[in-house]
There are 2 protein chains.
Amino acid sequence: MPSTKKDGKDGSTSQRAYAALREQLLRSKFLPNQKINEVALAATLEISRTPLREALNRLVAEGLLVDRGRGFSVPDLDQKRVFDLFEARLEIECATVRLACERGTDEELAELSEFLKESMAESPDASVDRLIELDIGFHGRIAAMARNKVLQQTLSNLNDRMHLIRWIAMEGRRERTQSQHHDILQHLCARDADAAIAAMREHILHRNDDILAAIKAAYGHVYTLSNG
Amino acid sequence: MPSTKKDGKDGSTSQRAYAALREQLLRSKFLPNQKINEVALAATLEISRTPLREALNRLVAEGLLVDRGRGFSVPDLDQKRVFDLFEARLEIECATVRLACERGTDEELAELSEFLKESMAESPDASVDRLIELDIGFHGRIAAMARNKVLQQTLSNLNDRMHLIRWIAMEGRRERTQSQHHDILQHLCARDADAAIAAMREHILHRNDDILAAIKAAYGHVYTLSNG
DNA sequence: TGACACAGCCCTGAATACAATTTCGCATAC
DNA sequence: GTATGCGAAATTGTATTCAGGGCTGTGTCA
């Protein structure tokens, strides 16, 4: 077997630390506003502080952590910040879906249709984690059709940064999500960019009340996790 | 005086390294595709490799450097990548100007008008560096009016990543730039979002021929810098 | 009993040390 | 003259060490 160093993971120690931490942050293994203890975390990951800090610095640059003068910590669930994230995502998703409408091939649209069909079948019984995966799959395919790596990466970053809230908001939106995905797909197949944009605008959480409710639910969720 | 460590610079060693490197990258002190020599660079900055590498990792996360399995290097002037950057910037600037049109106060618009007036007076004789500063000032004010830190930061990052090409394209566009800024401002003052977007779309380099010409000119510029 | 002072521990930021790999140069053989 | 192989230098990635500050906890004094 081609394992150069330790077990199956790829890349350098700092890259593995980065991947592991990103995963844990998305899964809310750390509380909002929590301070990162470098020695403890390094011990957990069984690495030294040097590659750990390199990973932490990357995560700061991505907005998944913040640099508090002395030490790193998890971003707060700041209301305005979450609003901004949703708004930014909304705008970029709309631009992306327009480009996808122009550039996606019929084959890609057929594949997306197939994917959506399977998603809708799977959706009613799927876990929220799985729902998020499916959601990411749908939006990711559209982003790929836009043929723009920069927009794709930007969207991916925004999604990372709102992962918890998105997770929260997904519960109780199973059917809505799938049917809205269906609408978007129909407009894409009809090559009606304006309609696709409108459907996307409707799809993405954009009413402040809804976002605020998700934030509050997220607080509850997070503190439940930390206690129970 | 409140100097905690060395001379007047603020923040930690790695933060100063980050700021210095970002500055040098924007000024094209490194060639596209150039490999970074850590020991040499650390010696230049008179710091050790540890904070230097932390800064390099942040720059990688921002797309100002790339991680080549072993070591870091400056991104290539890849044609598709530059197209994508311009397209992404175009879309986000358009979304931003629409929000600014809705949210900017009359006072802010008056201030922007004043800024533009001074810019137009200064423009004919200004250096390209100064022109870029003025351009950043104009777009930055619009981004501030959009009241969205995430979009603002995203735009700032994209601008960093296309700084060289933007610099190149600016020369020979003095009057055009200023008059297009004027158009955008007029539509903002009229609160006509669609017209402002159209003007912005026209303003930002979006024809592939133009971008390609800028890329080629950038190659010439860069290699002139490295030789002469 | 409460507030303040001090000592010791803990934590971060940076430098240095170390190991592994790659690259470069030179010499030798064909 | 060119290709090849070996060895040394250089370079990166990671661990360890060191120094400075901040926090905590306790003891003492009012």
Ile36(A) has an atom CD1; how far is it from atom C1' of dC10(C), in whole Å?
17 Å

Glu23(B): which residues meet the side-chain hydrogen bond (donor to acceptor under 3.5 Å, both in side chains) condition with it, sequence neighbours left out?
Arg27(B)

Between His181(B) and His203(B), what is the ring plane arrangement, given parallel below 30°, perpendicular above 60°, and tilted in between?
perpendicular

Would you please say whether a donor-acceptor pair under 3.5 Å links the side chains of His139(B) and Asn159(B)?
no

Phosphate OP1/OP2 of dT14(D) contacted by Thr13(A) side-chain N/O (<4.0 Å):
yes

Taking atom P of dC10(C) as reference, at what distance in whole Å does atom CZ of Arg49(A) sit?
14 Å

Base, sugar-phosphate alone, or nothing: which one does Leu41(B) contact when heavy atoms must sit under 4.0 Å apart?
nothing

Let me know the distance between CD1 of Ile47(B) and C1' of dA15(C), rounded to the nearest Å.
11 Å

Closest to the Ser48(A) side chain, choosing from dT12(C), dT14(D), dA14(C):
dT14(D)

Within residues 50-71 of chain A, find the residues that approach DNA chain C with a heavy atom at under 4.0 Å, and present them sorted by residue number.
Arg53(A), Gly69(A), Arg70(A), Gly71(A)

Which whole-number value in Å describes the distance from Asn37(B) CG to dT23(C) C1'?
13 Å

Quick one: is dT12(C) close enough that its OP1 or OP2 comes under 4.0 Å of any side-chain N or O from Lys35(A)?
yes

Once salt bridge (Lys or Arg N to Asp or Glu O under 4.0 Å) is applied, what residue pairs with a partner in residues 214-225 of chain A remain, sequence neighbours excluded?
none

Side chains of Asn157(B) and Arg89(B): donor-acceptor distance under 3.5 Å anywhere?
no

Between P of dC11(C) and CD of Gln34(A), the distance in whole Å:
13 Å

To the nearest angstrom, how far is Glu46(B) atom CD from dT16(C) atom P?
13 Å

OH of Tyr18(A) versus P of dT14(D): gap in Å, rounded?
16 Å

Please lay out, stage by stage, how Arg98(A) and Glu91(B) fare under the test salt bridge (Lys or Arg N to Asp or Glu O under 4.0 Å).
CA-CA 10 Å; Arg98(A) 178 162 43 72; Glu91(B) 297 297 339; 2.6 Å; yes

Are the side chain of Gln34(A) and the backbone of Leu31(A) linked by a donor-acceptor contact shorter than 3.5 Å?
yes

